[in-house]
Amino acid sequence: MTAKIIVTPVFDLIVFGASGDLAARKLFPALFRRDLAGQIAGESRIFGISRSKTTAVDFRHWVKQRLEDYIPASERTTATVEKFLSRIEPVTIDVSSDQGWSDLSARIGDQPERVRAFYLAVGPDLVEPICRQIGKNGLASPQSRVVIEKPLGKNGREARAINQAVGAVFNERQIYRIDHYLGKETVQNLMALRFANVLFEPLWNSNHIDHVQITVAETLGVESRAGYYDTSGALRDMVQNHLLQLLCLVAMEPPLSDHGDDLRDEKLKILRALKPITTNELDSVTVRGQYRSGVMGQEAVPGYLEDLGRESSDTETFVALKAEVKNWRWSGTPFYLRSGKRLGHRMSEIVVSFRPVPHQIFDHSAGRIHANRLVIRLQPDEGVKLWLMIKDPGPGGMRLTYIPLDMSFAEAFGVSVPDAYERLLMDVMRGSQTLFMRRDEVDAAWAWIDPILEGWRSEAIAVKPYVAGSWGPSSAVALIERDGRSWHDEVE
Ligand code: BG6
């Protein structure tokens, strides 16, 4: 099956942090793939802003090497790479000074009809100076938009300051706050599943759903990002944004439409309905962990402190939480969230666990009846499984068995799933903000997270060690088992 391509308007993309890790791993490969697919309009240009002086030849060569690192050889040819590279021009700017801005302005020229997108792939401390300079140099045209990456600060107060700085130059309609989880294929499919089928919606409430689990498990450690990560931790790095966004998509009411603000309005209501976690609950409904050395596959891997190169750190690389949405639909249905680095498998999934059947008509010899589960797998193998009880085939009386109705998207459609950044970058150019976070969503997410962070600090709730390659500290298992439930990986 061939995916449908809608060509973007002609754009100038100005990437700040163009020689950084995000640009190398995600942005340039995503743009290359979209160019290859014919989605990028002919005259579009990409300006790579970095502090160190470089020539067009050298910068293009560097991008070419990154494409070789991140795009399989079978997907590129010299001609397609050269065509893409010809769109790219480097510009040297020291963003904290006045130098280089007039050069950028001259290079962009006066082209008001073009979409002009500023992508800020930089640390949060550079967002304000960059926006100020964009404003001061008159670079923000009516067709401009700005893309900002997480982390949007380390708490609600810092996020508000960043939002204010960006808001001084761009209006909310021009601001695209990326949460790349919203661009993942299966996340989109979650909406299709809920709102393009009649089957689930009548059951989608606490009368029929016992609980929901959201797991984002990574096998990687903090790698070269230890410096940043140690100022963040899993709660800020993953839960405040990605996991809460997933929770919203599962829990929200049907939006009026899937565009404009309709979706974001519904997500916001969920964030506001999250029951605050109080200080005296912290020990029973939250778990913080930090990985120690271990063996993953056949390979011995270092612990977090070795990765960090320090003797001590109280930063969590794992978090598990029990969240509750206090509204009519979800009262009594907990949402268990967990995310961590150096866990047993790379696996991100949402598990919707239905309530058991109300009455057992079969003899004990038929076996146990497990409750239905809908498992939405985000990665690595995108798909949906609906776990059902069926009769074990063949003679021998009624014996029941629990098996999944299994739909793997890649197999079913035979198309490769685009990376989230591919979709989101194209949405920026097309001016679609639906899959980006609005300012009030960010505020509401921090309003729930801030007291947890503050409680961990004031109550000195320390990180619990876990061995790399395990599923986190044992208290994460206890967190869910105390409620008579278990994590999905232990059931399957
Ligand atoms: C990022 C986090 O937002 O998401 C990283 O900062 C994390 O720490 C990454 O590794 C996970 O993204 P994905 O798409 O690989 O699941």
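Numbering of ligands and ligand atoms starts at 1, following listing order. Both backbone and side-chain heavy atoms feed into the values below; hydrogens, waters and symmetry mates do not.
We find that R116 and D12 are not joined by a salt bridge, their nearest charged nitrogen and carboxylate oxygen being 4.0 Å or further apart. Between D419 and R33, none of the side-chain N atoms (NZ, or NE/NH1/NH2) sits under 4.0 Å from a carboxylate O, so this pair counts as no salt bridge. In this structure, E281 pairs ionically with K275, as a charged nitrogen and a carboxylate oxygen lie closer than 4.0 Å.
Contact atoms of ligand 1 toward E218: 7 (C), 10 (O), 11 (C) (distance under 4.0 Å to a heavy atom of the residue). Within ligand 1, counting atoms from 1 as listed, the ones closer than 4.0 Å to a heavy atom of K341 are 5 (C), 7 (C), 8 (O), 10 (O). Short contacts between ligand 1 and D237, defined as distances under 4.0 Å to a heavy atom of the residue, involve ligand atoms 2 (C), 5 (C), 6 (O), 8 (O). Atom numbering of ligand 1 starts at 1 in the shown order; those under 4.0 Å from a heavy atom of K150 are 1 (C), 2 (C), 3 (O), 6 (O). Heavy-atom proximity to Q379, at under 4.0 Å, picks out these atoms of ligand 1: 13 (P), 16 (O).
Looking at atom 16 (O) of ligand 1, its nearest protein heavy atom turns out to be Y181 OH, 2.4 Å. Annotation: atom 15 (O) of ligand 1 to nearest protein heavy atom, R346 NH2, 4.0 Å.
Around atom 12 (O) of ligand 1, the closest heavy atom drawn from H180, H242, K184 belongs to H180.
Checked against a 3.5 angstrom limit, the closest N/O atoms of R225 and ligand 1 fall inside it. In terms of polar-atom proximity, defined here as any N/O pair under 3.5 Å, S348 makes no such contact with ligand 1.
In this structure, the side chains of R338 and I480 stay at 4.5 Å or more apart for every pair of heavy atoms.
For D381, the side chain to side chain contact (heavy atoms under 4.5 Å, CB included) criterion is met by R377, not counting sequence neighbours.
The environment of CZ in R51 is sparse: at most 12 heavy-atom neighbours from other residues, nucleotides or ligands sit within 6.0 Å.
Of the residues R342, R225, K341, the one that meets the salt bridge (Lys or Arg N to Asp or Glu O under 4.0 Å) test with E218 is K341.
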